[in-house]
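Everything below concerns the one structure shown next.
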Amino acid sequence: MKPIISPSLLSANFIDLRSDIEMINKSEADWLHLDVMDGVFVPNISFGFPVIEAVSKVCTKPLDVHFMIVHPEQYIEQTAKAGAMMMNVHYEACTHLHRTIQQIHAAGMKAGVTLNPSTPVCVLEDIICDVDMVLLMSVNPGFGGQQFIENTIGKLARLRQLIKSSGSKALIEIDGGVQAETAPRLIEAGADILVSGSYVFKSKDPLATIHGLKTL
Ligand code: DX5
Ligand code: ZN
């Protein structure tokens with residue numbers, strides 16, 4: 001099975017986003033990953049709805065939106081209206097995760113739950129059958145270009161096991177430090193979707209880099 005590739009716009013050229021999105025449209029990327037940060041849940045601020053809406057008008061690939069914010073439940077309708085296909089919320093940011101997942105579905109989007117590197121897979125036991133995707137952070141969220149955390153490989157195997165034993169259909173997405181060396185090991189360990197920011201957008205030939213990830 002070929003992995004789903006979701007390049008992260010965080011490492012794109014913000015002065016000329018249109019060119020980078022047109023490159024994504026032409027590429028073998030399956031989705032486009034958008035990182036929303038609020039400076040509270042993570043120690044960085046990225047972009048919000050005006051950018052998501054603008055990107056949605058030009059991008060032909062489904063938008064995979066990753067909210068690194070407190071109270072993501074307050075923005076579900078706005079996210080759907082902005083054109084997101086997938087809304088990922090952090091487990092650590094949701095007091096009533098089950099309700100939030102239901103509301104994301106009611107708004108017509110796929111629902112993903114995201115775990116920080118220090119949050120164990122076992123916390124998903126009672127929600128795994130309700131989500132469409134689990135996003136495992138393989139770096140501490142907030143910045144592109146960080147080093148991959150090795151513990152993710154074992155964690156991915158534990159998540160694969162939980163999905164199998166529960167009968168869940170959730171896909172597994174990995175985000176952070178995905179590049180030539182880590183990507184094949186992640187596929188081998190059972191990842192369905194790879195997010196890749198700096199490795200794609202900072203490469204000399206992003207189209208070829210995406211092709212390389214797609215044909216691992
Ligand atoms: C980090 C973001 C990532 C980021 C990944 O908090 O969630 O999506 O863009 O960047 P790389 O692939 O450079 O680690
Ligand atoms: Zn992300």
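If you're wondering where the values come from, they're calculated on a predicted model, not measured in any experiment. Remember, it's 1-based here, ligands and their atoms both numbered in the order they're listed.
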Report yes if some N/O of Met37 lies less than 3.5 Å from some N/O of ligand 1; otherwise report no.
-> no
Residue and atom name of the nearest protein heavy atom (relative to atom 1 (C) of ligand 1), distance in Å to one decimal = Phe143 O, 3.4 Å
Between Gly176 and ligand 1, is there a nitrogen or oxygen pair with a distance under 3.5 Å?
-> no
Considering the heavy atoms of Ser198, write down every atom of ligand 1 situated less than 4.0 Å from one of them.
-> 11 (P), 12 (O), 13 (O)
So which bit of His66 gets within less than 4.0 Å of ligand 1, heavy atoms only: side chain, backbone, both or neither?
-> side chain
So is Ser8 polar-close to ligand 1, meaning N/O to N/O under 3.5 Å?
-> yes
What protein heavy atom sits nearest atom 12 (O) of ligand 1, and how far away is it?
-> Gly197 N, 2.8 Å
One finds that the ligand 1 atoms under 4.0 Å from a non-hydrogen atom of Asp175 are 2 (C), 3 (C), 4 (C), 5 (C), 7 (O), 8 (O)
Test item: side-chain donor near acceptor, Ser138 and Thr152, under 3.5 Å = no
Should we count CD of Glu188 as having more than 12 external heavy atoms under 6.0 Å?
-> no
Check: Phe143 and Pro43 side chains under 4.5 Å, non-hydrogen atoms | yes
Looking only at heavy atoms of Val139, does any of them come nearer than 4.0 Å to an atom of ligand 1?
-> no
Please state which protein non-hydrogen atom is closest to atom 11 (P) of ligand 1 and give its distance, to 0.1 Å?
-> Gly145 N, 3.6 Å
Consider every N or O of Met137 and every N or O of ligand 1, then say whether any pair is closer than 3.5 Å.
-> no
Indicate yes or no: does an N/O atom of Ser11 lie under 3.5 Å from an N/O atom of ligand 1?
-> no
Would you indicate whether the side-chain heavy atoms of Asp175 and Asn88 approach each other to under 4.5 Å?
-> no
For Pro117 and Met137, work out which heavy atoms get closest and say how close.
-> CG-O, 3.6 Å
Can you find a side-chain donor-acceptor pair between Asp126 and His98 that sits under 3.5 Å?
-> no
Give the residue and atom name of whichever protein heavy atom lies nearest to atom 10 (O) of ligand 1, and the separation in Å to one decimal.
-> Gly144 CA, 3.5 Å
Is there a donor-acceptor contact under 3.5 Å linking the side chains of Asp35 and Ser46?
-> no
Does Arg158 CZ have over 12 foreign heavy atoms under 6.0 Å away?
-> yes
Among all protein heavy atoms, pick the one closest to atom 14 (O) of ligand 1 and tell me residue, atom and distance.
-> Gly177 N, 2.8 Å
Check whether Ile4 and Leu9 end up in the same hydrophobic cluster, where Ile, Leu, Val, Met, Phe, Trp and Tyr are linked by side-chain heavy atoms less than 4.5 Å apart.
-> no
So which heavy atom in the protein is nearest atom 2 (C) of ligand 1, and how far is it from that ligand atom?
-> Asp35 OD1, 3.4 Å
For the Zn ion (ligand 2), angle spanned by Asp175 OD2 and Asp35 OD1 (nearest 10°) is 170°
Are any of the N/O atoms in Met68 less than 3.5 Å from those in ligand 1?
-> no
So Phe49 and Phe67, would you call those rings parallel, tilted or perpendicular, with 30° and 60° as cut-offs?
-> tilted
Do you know which two heavy atoms are closest between Ile69 and Ala93, and how far apart they sit?
-> O-CB, 3.4 Å
Please say whether Ser196 places an N or O atom under 3.5 Å from an N or O atom belonging to ligand 1.
-> no
Pick from Leu97, Thr114, Asn116: which one makes a side-chain contact (heavy atoms from CB on, under 4.5 Å) with Glu92?
-> Asn116
Would you mind running through ligand 1 and noting each atom that sits below 4.0 Å from a heavy atom of Pro141?
-> 6 (O)
Angle, ND1 of His66 through the Zn ion (ligand 2) to NE2 of His33 - 10° precision | 100°
For the pair Asp30 and Lys214, find out whether any cationic side-chain nitrogen is under 4.0 Å from an anionic carboxylate oxygen.
-> yes
Mark up the atoms of ligand 1 that fall under 4.0 Å of a heavy atom belonging to Leu10, in ascending order.
-> 9 (O)
Among all protein non-hydrogen atoms, which one is nearest to atom 6 (O) of ligand 1, and what is the separation to 0.1 Å?
-> Gly142 N, 2.7 Å
Taking the side chain as every heavy atom from C-beta outward, state whether Glu173 and Asp64 have any atom pair closer than 4.5 Å.
-> yes
Non-hydrogen atoms of Tyr199 versus ligand 1: any pair closer than 4.0 Å?
-> no
Subset of ligand 1 atoms that lie under 4.0 Å from at least one heavy atom of His33 = 8 (O)
